[in-house]
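See below for the structure under consideration.
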Amino acid sequence: MSVITVVAIYFLIWWLVFFAVLPVGVKTPEEDGSEVLQGTVESAPARPMLIKKAIATSVISGVILAIIWWFVSTGQLSLDSIPFLPRFD
């Protein structure tokens with residue numbers, strides 16, 4: 001795989017994992033015991049912890065990318081292994 005391909009795959013994986021990690025550990029101000037500020041939605045997170053989630057997302061995405069890279073480099077995963085694609089002979 002070329003470097004551009006690896007970066008593109010990592011970018012896609014990172015965003016998918018980020019959206020999956022985003023709701024983890026979120027508490028509303030009511031659940032947290034703090035005051036709901038006027039002008040904010042009651043369901044808005046009290047502390048979103050975005051830096052921690054971005055770091056966790058980067059680590060998880062790196063592991064997933066390493067697994068995908070291993071499958072591709074050993075030949076266990078290729079375009080020919082996808083059954084619904086036509087043969088390109």
Quiz item: If you measure from OG1 on T57 to CG on L16, what distance do you get to the nearest 0.5 Å?
Solution: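 T57 atom OG1 to L16 atom CG measures 11.0 Å (nearest 0.5 Å).
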
Quiz item: Atom CD1 of I9 and atom CD1 of I64: how far apart are they, to the nearest 0.5 Å?
Solution: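 So the gap between those two atoms works out to 12.5 Å.
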
Exercise. With sequence neighbours left out, write down each residue that passes side chain to side chain donor-acceptor pair (under 3.5 Å) with S73, or none if nothing qualifies.
Key: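 Expected list: none.
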
Practice problem: Can you sort out the partners of T28 under side chain to side chain donor-acceptor pair (under 3.5 Å), two or more places apart, ordered by chain and number? | Solution: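 Side chain to side chain donor-acceptor pair (under 3.5 Å) list for T28, sorted by chain: empty.
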
Quiz item: Would Y10 and S58 satisfy side-chain contact (heavy atoms from CB on, under 4.5 Å), going step by step from the backbone distance to the final call?
Solution: CA-CA 9 Å; Y10 181 79; S58 299; 3.6 Å; yes

Practice problem: With sequence neighbours excluded, give me every side-chain hydrogen bond (donor to acceptor under 3.5 Å, both in side chains) pair touching residues 60-69. | Solution: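 Those involving residues 60-69 do not exist here.
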
Exercise. Check A44 against P29 and note the closest heavy-atom contact, atom names and distance.
Key: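 For A44 and P29, the tightest heavy-atom pair comes out as O-CD, 3.0 Å.
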
Quiz item: Where is the tightest heavy-atom contact between P23 and A20, given as atom of each residue plus distance?
Solution: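 Where P23 meets A20 most closely, the heavy atoms are CD-O, 3.5 Å.
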
Quiz prompt | Residues V26, K53; criterion side-chain contact (heavy atoms from CB on, under 4.5 Å); working and verdict | solution = CA-CA 11 Å; V26 173; K53 291 179 182 183; 3.3 Å; yes

Hydrophobic cluster membership, [X] vs [Y], 4.5 Å side-chain cutoff:
X: L12; Y: I4; answer: no
X: L65; Y: V7; answer: no
X: I60; Y: F19; answer: yes
X: V59; Y: I68; answer: no
X: W15; Y: L22; answer: yes

Quiz item: More than 12 non-hydrogen atoms from neighbouring residues, nucleotides or ligands closer than 6.0 Å to CD on E31, yes or no?
Solution: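 Yes, the 6.0 Å shell around CD holds more than 12 heavy atoms from other groups.
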
Quiz item: So, do W14 and F11 have ring centers that fall under 6.0 Å from each other?
Solution: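 Aromatic pair excluded; centres sit 6.0 Å or further apart.
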
